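To start, the structure under review is shown below, and the notes come after it.
Keep in mind it's a predicted model, so treat the numbers as computed, not measured.
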4 protein chains.
Amino acid sequence: MVSFNRVILAGNLTRDPELRFTSDGVPVCSFGIAVNRVRSRNEEVDFFDVSAWRELGETIANYKKKGDPILIEGRLQYRTWEAQDGTKRSKVDIVADNVQFLGRGGDPGDGGTSSGGQARRGRRDDEVDINESDFDDIPF
Amino acid sequence: MVSFNRVILAGNLTRDPELRFTSDGVPVCSFGIAVNRVRSRNEEVDFFDVSAWRELGETIANYKKKGDPILIEGRLQYRTWEAQDGTKRSKVDIVADNVQFLGRGGDPGDGGTSSGGQARRGRRDDEVDINESDFDDIPF
Amino acid sequence: MVSFNRVILAGNLTRDPELRFTSDGVPVCSFGIAVNRVRSRNEEVDFFDVSAWRELGETIANYKKKGDPILIEGRLQYRTWEAQDGTKRSKVDIVADNVQFLGRGGDPGDGGTSSGGQARRGRRDDEVDINESDFDDIPF
Amino acid sequence: MVSFNRVILAGNLTRDPELRFTSDGVPVCSFGIAVNRVRSRNEEVDFFDVSAWRELGETIANYKKKGDPILIEGRLQYRTWEAQDGTKRSKVDIVADNVQFLGRGGDPGDGGTSSGGQARRGRRDDEVDINESDFDDIPF
DNA sequence: TTTT
DNA sequence: TTTT
């Protein structure tokens with residue numbers, strides 16, 4: 001049973017990253033990314049939700065903010081939940097396991113350079129034994 | 001303004017591919033893919049919707065069916081629409097631009113081999129000038 | 001300083017994987033992969049050398065053999081050394097950090113199924129603190 | 001026979017891009033890229049050769065120079081030739097089919113912005129019907 | 001809910 | 001809505 005799941009995106013944060021913690025104290029960072037559609041006449045944009053766990057999440061939360069360009073590597077994730085009205089809802093978002101900070105000229109937070117930085121999770125996401133149920137409320 | 005958007009998935013079709021046509025006669029194939037989560041203790045699965053245009057779509061529709069393993073390369077797409085009840089809805093799915101047929105032993109439709117075949121779009125998706133509005137009804 | 005390095009290949013083993021060990025006892029598996037060039041009229045093939053460390057390397061060595069189809073994810077690596085005649089030589093190969101066994105019908109070694117299996121390194125390659133110099137002789 | 005071949009790299013040009021033409025007048029651009037190895041204590045760097053055809057090649061040649069950061073998507077290519085001394089030599093390099101210009105602060109050539117631009121080949125490389133033999137001399 |  |  002073959003399975004493979006890899007996503008690579010570059011775009012800009014649509015909001016400041018938000019850092020939260022599971023009930024066990026594991027940090028998760030959530031943010032949005034806007035990816036402009038290349039070669040699109042009408043300036044279309046794709047919007048995605050991204051989460052990053054542990055050290056990687058903390059690094060993003062500490063250094064990135066709305067508008068910043070970023071390169072993300074991770075996997076696509078499908079999630080389901082029950083809405084307020086009892087209907088079943090689902091969503092596809094991204095779990096990052098590697099991130100590159102792309103530079104904007106003279107941006108502090110890029111360490112004074114206009115180029116970029118790098119961050120990666122200490123552990124691979126597959127080893128993570130946490131789940132949405134570890135949150136007291138809906139984590140996304 | 002950096003932008004990059006690439007997805008690579010391997011999994012199994014969750015339903016027979018459905019081939020439809022825009023009002024201009026452009027073929028588009030829709031199907032679902034199930035990607036089993038690797039290293040997951042609880043056998044989790046991610047489900048995604050995929051579309052493929054033109055020749056690539058036709059090839060998939062002609063040769064693949066529910067259950068078949070497939071390797072997909074494409075881009076993530078964000079779509080919005082208004083639901084029946086007037087609320088705004090959105091969805092993330094995949095537009096394939098390259099596909100590999102992975103084999104299952106002795107499967108006809110794999111051309112008698114148990115290995116795999118290949119298919120690719122003649123044109124890149126970016127050059128496509130069709131849109132959801134070309135459909136008479138909701139295309140996904 | 002932005003840096004990113006990711007490769008995804010699918011093809012067939014050109015030789016039986018060879019398992020070796022560093023002087024510290026760290027296993028490293030080496031093999032070749034042939035990737036047929038898609039849409040090439042003249043049946044061209046690209047050949048690459050791949051290495052996989054630790055558990056991932058052991059799994060490949062234990063289950064795969066010449067001719068087997070495989071999906072590889074990893075990074076490109078540039079290496080230099082001095083040839084016998086004193087000239088400087090270099091080479092580009094792949095360090096795998098994730099591998100999918102693609103099936104051939106009824107192949108034992110695929111565990112009796114004709115589909116596929118999966119294997120991944122316990123640690124990311126970046127954390128690896130071994131080097132070519134850990135080998136007594138040239139490791140590739 | 002499954003085959004897949006995709007590479008994504010980000011790094012900096014190691015030399016000014018060189019634009020050449022096949023005997024049929026098809027432009028090819030060649031350049032080198034340095035990709036710093038992430039998480040490497042000893043500041044290791046991987047060096048690769050890249051070529052880009054047609055419009056994509058011309059764009060790179062027109063806008064990029066030594067030192068510039070770039071994001072490259074393409075495929076790995078294996079090439080063989082006979083050296084002066086009659087020995088057989090081989091080499092692995094990259095054929096780009098999509099490129100993103102990453103920004104450095106206030107860099108002209110990035111159009112005055114510090115962010116980035118984009119470029120893509122009009123045709124996919126697979127459709128290219130040119131070959132090394134189209135060159136009068138060795139093209140790499 | 002949306003970035004440059 | 002779900003595949004092996």
Item to check | Results of side-chain contact (heavy atoms from CB on, under 4.5 Å) for Val92(A) - residues two or more places apart only | outcome: Leu76(A), Tyr78(A), Phe48(B), Val92(B)

Checklist entry - Separation of Glu43(A) atom CD from dT3(E) atom P, in whole Å? => result 14 Å

Checklist entry - Between the base of dT2(F) and the side chain of Asn12(B), is there a donor-acceptor distance below 3.5 Å? => result no

Checklist entry - Would you call Arg75(A)-Asp97(A) a salt bridge at under 4.0 Å N-O? => result no

Item to check | Residues which pass salt bridge (charged side-chain N to carboxylate O under 4.0 Å, His left out) with Arg15(B), listed by chain and number, not counting sequence neighbours | outcome: Asp49(B)

Next on the checklist: Rounding to an integer number of Å, can you tell me how far Phe31(A) CZ sits from dT3(E) P?
Outcome noted: 16 Å

Checklist entry - Is any side-chain heavy atom of Gln100(A) less than 4.5 Å from a side-chain heavy atom of Ser3(C)? => result yes

Next on the checklist: Classify Val45(B) by what it touches in the nucleic acid, base, sugar-phosphate, or nothing, heavy-atom distance under 4.0 Å.
Outcome noted: base

Next on the checklist: Expressed as a whole number of angstroms, how long is the span from Ile33(B):CD1 to dT2(F):C1'?
Outcome noted: 12 Å

Checklist entry - Leu13(A) has an atom CG; how far is it from atom P of dT3(E), in whole Å? => result 11 Å

Checklist entry - Which of the following nucleotides, dT1(E), dT3(F), dT3(E), is nearest to the side chain of Lys66(B)? => result dT3(F)

Checklist entry - Closest to the Lys88(A) side chain: dT1(F), dT2(F), dT1(E)? => result dT1(F)

Checklist entry - For Phe47(B) and dT3(F), what is the distance between atoms CZ and C1' respectively, to the nearest whole Å? => result 7 Å

Checklist entry - Counting any heavy atom closer than 4.0 Å, what does Asp49(B) reach on the DNA or RNA strands: base, sugar-phosphate only, or nothing? => result base

Item to check | Spacing between Lys91(A) atom NZ and dT2(F) atom P, to the nearest angstrom | outcome: 21 Å

Checklist entry - How close or far is atom P of dT1(F) from atom CZ of Arg79(A), stated in whole angstroms? => result 19 Å

Next on the checklist: Should the side chain of Asp68(A) and the base of dT3(E) be counted as holding a donor-acceptor pair, with the cut-off at 3.5 Å?
Outcome noted: no

Checklist entry - Which of these nucleotides, dT3(E), dT3(F), dT2(E), is closest to any side-chain atom of Tyr78(B)? => result dT2(E)

Item to check | Nearest-0.5 Å distance that lies between atom CD1 in Ile8(C) and atom CZ in Phe4(D) | outcome: 6.0 Å

Checklist outcome for this item: Between CZ of Arg37(A) and C1' of dT2(E) the distance, given in whole Å, is 14 Å

